[in-house]
There are 2 protein chains.
Amino acid sequence: MTSVDEPARPGERIRDAARTRAEILDVATQEFARAGYDGARVDDIAARTRTTKRMIYYYFGGKEQLFTAVLEQAYGVIREAEQQLDVEHLDPVAAIRRLAEVTFDHHEQHPDFIRLVSIENIHGAEHIAASEKLGKIGSPALDVIRRILASGQESGLFTADVDAVDLHAMISSFCFFRVANRHTFGALFGRDLVAAEQREHYRTMLGDMVIAYLTADRAAD
Amino acid sequence: MTSVDEPARPGERIRDAARTRAEILDVATQEFARAGYDGARVDDIAARTRTTKRMIYYYFGGKEQLFTAVLEQAYGVIREAEQQLDVEHLDPVAAIRRLAEVTFDHHEQHPDFIRLVSIENIHGAEHIAASEKLGKIGSPALDVIRRILASGQESGLFTADVDAVDLHAMISSFCFFRVANRHTFGALFGRDLVAAEQREHYRTMLGDMVIAYLTADRAAD
DNA sequence: TAGCTAACGTACTGGTTCGTACATTAGGGC
DNA sequence: GCCCTAATGTACGAACCAGTACGTTAGCTA
């Protein structure tokens, strides 16, 4: 998030295209995450900015393109976080566990992003398809996983037949589900998956699961 | 699904409250799953039934209650499927693997249900909360897991410190993510998680993962 | 400092959409 | 065969909502 919440300091430019655009994007992110694509109201987004609805159409063209821009920014944030990833000095087991923990933490800290991804899936990822940026964004995390996996498989530590994309899916599944489905899961099973007291338990559980899978003794198979 | 698609056989009752209600529910299930709660149109649902919009309000009261009824029916279907579950004659390891496979298959076969759950989570599970049925529906699967887990832990086969709810979350995560996020995952990583050729691979992967986690040698920890 | 354009605001519109008032009829009970 | 009511259909309204026509001004540039 670009976090534009300065109270319009005096002396600053009154007209500031970049700031106006960024402010619209931030408010739109919250509004789309809160209510979904169809539930979000362009008028409401405009009302919560220091500008008017006219500017949304001026800068983005329409509701559809605004949502695409929101997704682009949101995916940009994880990509940046993934680029900070520095685990390759660790041994493969520790590196994978660390990677899982970082993914876990990131999902927990960005529930809005999770909601946007859920919403985009309801719409068949059509906005990602419409975006020029998002198609070729790549994933730094995937490259990291690829290298750790290769090293672990070479040394014989990892026995599982997975590639980086599979492993990424496995780790993401757990992290994503925990945040995305916390409401229905809580309502049906009476357990809050994101409760603070359970955080360490689930964080450890994820690491244990992934490591157990990768290092399992498959002699008997 | 109650699947009301009989072509109005002649000789049948013209006025049939039960059939009209069921038909509305089925069409509404498709429409809500397709477009989300706010994206769904009451007029469109009515148009696709053999009755009119008036009947939706007559039987359900409104859009909100209709969606709740759709959820109630959809959750009823899994509960029924879970009651068919017959794995307790197997040894704990085989039983858990079988359970994972059944969950995997069920998610794959009911993408509409997955979408409805995603949509309900976007809305904070407020319709489940508003439902009298859904709160106390329970989960037959949870009881089964509880018994298998107890037996596996007693015999020392299972070493992991999980309860039934945790394990259910772990299995569901993978199955749910694979179906729910297939669009964004496919668009970003170029891999279709529900492609037929990969089905067996992922089904095995899930079982391996869960078993590896449950039976991992934790002596070194 | 004149003027030009990017940036911004106001007010409106046309279509949509949930919901309902009112009218009608099928068909079971007696 | 009559009557009563559950079930159904029609037509409409009022609010909402994405998008736009038109007018204005800040502030850089020559």
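So that the names make sense, note that chain A is the first sequence line, chain B the second, and so on, each numbered from 1.
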Pick base, sugar-phosphate or nothing for [X], based on heavy-atom distances below 4.0 Å to the nucleic acid.
X: Arg41(B); result: sugar-phosphate
X: Phe60(A); result: nothing
X: Ala18(A); result: nothing
X: Ala40(B); result: sugar-phosphate

Item to complete: Decide side chain to side chain contact (heavy atoms under 4.5 Å, CB included) for Val165(B) and Phe185(A); before the verdict, give the C-alpha distance in whole Å, the side-chain angles of both, and the deciding distance to 0.1 Å.
Response: CA-CA 10 Å; Val165(B) 177; Phe185(A) 199 90; 3.6 Å; yes
Item to complete: Look at the side chain of Lys53(B) and the base of dG19(C), then say whether one donor and one acceptor between them are separated by less than 3.5 Å.
Response: yes
Worksheet item: Taking the six-membered ring where the residue is Trp, are the ring centres of Tyr213(B) and Tyr213(A) under 6.0 Å apart?
Response: no
Which one, [options], comes nearest to the side chain of [X]?
X: Thr20(B); options: dT8(D), dG19(D), dA21(D); value: dT8(D)
X: Tyr57(B); options: dC22(D), dG19(D), dC18(C); value: dC18(C)
X: Thr51(A); options: dT20(D), dG9(C), dC18(C); value: dG9(C)
X: Arg15(A); options: dG9(D), dG27(D), dC22(D); value: dG27(D)
X: Ala17(B); options: dA7(D), dG19(D), dC8(C); value: dA7(D)
X: Met55(A); options: dC8(C), dA18(D), dT8(D); value: dC8(C)
X: Tyr59(A); options: dG19(D), dA7(C), dT10(D); value: dA7(C)
X: Asp43(A); options: dG19(C), dC17(D), dT8(D); value: dC17(D)

Worksheet entry | With Asp105(A), the salt bridge (charged side-chain N to carboxylate O under 4.0 Å, His left out) member among Arg203(A), Arg98(A), Arg178(A) | Arg203(A)
Worksheet entry | Approximate separation, where rounding is to 0.5 Å, of Ile171(A) CD1 and Arg97(A) CZ | 11.0 Å
Worksheet entry | Spacing between Tyr58(B) atom OH and dA6(D) atom P, to the nearest angstrom | 6 Å
